[in-house]
Amino acid sequence: MKEFVSETIMEKYEFRNIRPEETDQGIMIEKICFPPHEACSDKNMKERILKAPELFLVAEDRKTGKIAGFLNGIATDEDVFRDEFFTDITLNDPKGENIMLLGLDVLPEHRGQGLATELMFQYLNRERENGRKKVFLTCLEGKVQMYRKMGYKDLGISASVWGGEEWHDMSYEL
Ligand SMILES: CC(C)(COP(=O)(O)OP(=O)(O)OC[C@H]1O[C@@H](n2cnc3c(N)ncnc32)[C@H](O)[C@@H]1OP(=O)(O)O)[C@@H](O)C(=O)NCCC(=O)NCCS
């Protein structure tokens, strides 16, 4: 009888920084994952990949060589999230003690197997090793529980008005 052994996340995906030639993939994945009023613009995504590739973590599907999901952020000494982080890459201070997360994207065909959780886990570990102190993000009410399970604290309603919606501020102490 043939035995089916499910592959682990680490066997299926390689976790690494984004590459400049993957800019179009990053743009496309963002469009698939977020509605237009929430998605990062093509221009802003290009700038992030060009100026702060080390603040991306991508999961590459080892079978296809294509990106299955990614997490990206910006470094700063600030400790309150503001919407300008989404649009102004010049706010990135590579030596900043905190990270503001800007997006967590997993393509639909790769969802439901813990990939977002693994991306977050590895990102937090990497940035802890980089000497960062805290990680901040904003999310809609429906995702608060998901981030709580990943270890984040809900700080309540955010000043962010991104996409005309109500967001929660969440934080993680490294
Ligand atoms: C949200 C998203 C990143 C989850 O990716 P994923 O790889 O399927 O997530 P995981 O398998 O690691 O699931 C982690 C936990 O989050 C929960 N979760 C997953 N998708 C969720 C969603 N859309 N809403 C709320 N909770 C969700 C799961 O129930 C899971 O908890 P469990 O382990 O107790 O079942 C993915 O659906 C996505 O890219 N969505 C569109 C973009 C988006 O909303 N990003 C987050 C913005 S704040």
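Since this is a predicted model, take the numbers as computed values, not measurements. In this chain, residues are counted from 1 in sequence order. First listed ligand is number 1; within each ligand, the first listed atom is number 1.
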Under a 4.0 Å N-O cut-off, is there an ion pair linking Glu22 with Arg16? yes
Report, in ascending order of atom number, the atoms of ligand 1 lying under 4.0 Å from any heavy atom of Gly112. 6 (P), 8 (O), 11 (O)
Whether Arg126 and Glu54 form a salt bridge (side-chain N of Lys/Arg under 4.0 Å from carboxylate O of Asp/Glu) is what I want to check. no
Among side-chain atoms of Asp169 and Thr138, is any donor-acceptor pair under 3.5 angstrom? no
Atom 44 (O) of ligand 1 - nearest protein heavy atom and its distance: Lys143 NZ, 3.0 Å
Name the closest protein heavy atom to atom 11 (O) of ligand 1, giving the residue it belongs to and the distance to 0.1 Å. Gly114 N, 2.8 Å
Less than 4.0 Å between a side-chain N and a carboxylate O, is that true for Lys134 and Asp79? no
Would you kindly specify which portion of Asp105 sits under 4.0 Å from ligand 1, judged on non-hydrogen atoms: side chain, backbone, both or neither? backbone
Pick one: which of Glu97, Glu127, Lys133, Glu129 meets side chain to side chain contact (heavy atoms under 4.5 Å, CB included) with Leu174? Glu127
Quick one: which ligand 1 atoms are inside 4.0 Å of a heavy atom on Cys33? 39 (O), 41 (C), 42 (C)
Candidate with minimal heavy-atom separation from atom 21 (C) of ligand 1, of Met146, Glu30, Met150: Met146
Considering only protein heavy atoms, determine whether one is less than 4.0 Å from atom 40 (N) of ligand 1. yes
Is atom 36 (C) of ligand 1 less than 4.0 angstrom from some protein heavy atom? yes
Fit a plane to each ring of Tyr152 and Tyr147, take the angle between them on a 0 to 90° scale, and name the class: parallel (under 30°), tilted (30 to 60°) or perpendicular (over 60°). perpendicular
Any N/O pair Phe34/ligand 1 closer than 3.5 Å: no
Taking it one step at a time, do Tyr13 and Gln113 satisfy side chain to side chain donor-acceptor pair (under 3.5 Å)? CA-CA 12 Å; Tyr13 303 99; Gln113 48 172 354; 2.5 Å; yes
Could you grab the distance from atom CZ of Phe56 to atom CG of Leu119, nearest 0.5 Å is fine? 12.0 Å
Give me the nearest non-hydrogen protein atom to atom 2 (C) of ligand 1 as residue plus atom name, then the distance to 0.1 Å. Ala116 CB, 4.4 Å
Does ligand 1 have a heavy atom under 4.0 Å from the side chain of Arg111, from its backbone, from both, or from neither? both
Counting each atom of ligand 1 from 1 as listed, which ones have a heavy atom of Lys149 under 4.0 Å away? 31 (O), 32 (P), 34 (O)
Quick check on side chain to side chain contact (heavy atoms under 4.5 Å, CB included): which of Leu137, Leu55, Leu104 does Leu71 satisfy it with? Leu104
Short N-O contact, Lys95 and Asp77, less than 4.0 angstrom: no
Which atoms of ligand 1 sit under 4.0 Å from any heavy atom of Gly142? 25 (C)
Backbone, side chain, both or neither: what part of Gln145 comes under 4.0 angstrom of ligand 1, heavy atoms only? neither
Proximal atoms of ligand 1 relative to Thr117 (non-hydrogen, under 4.0 Å): 10 (P), 12 (O), 13 (O), 14 (C)
Nearest protein heavy-atom contact for atom 45 (N) of ligand 1: which residue, which atom, what distance? Leu104 O, 2.8 Å
Flag side-chain contact, heavy atom, 4.5 Å: Phe70 against Leu57: no
Show me which atoms of ligand 1 lie under 4.0 Å from any heavy atom of Tyr147. 46 (C), 47 (C), 48 (S)
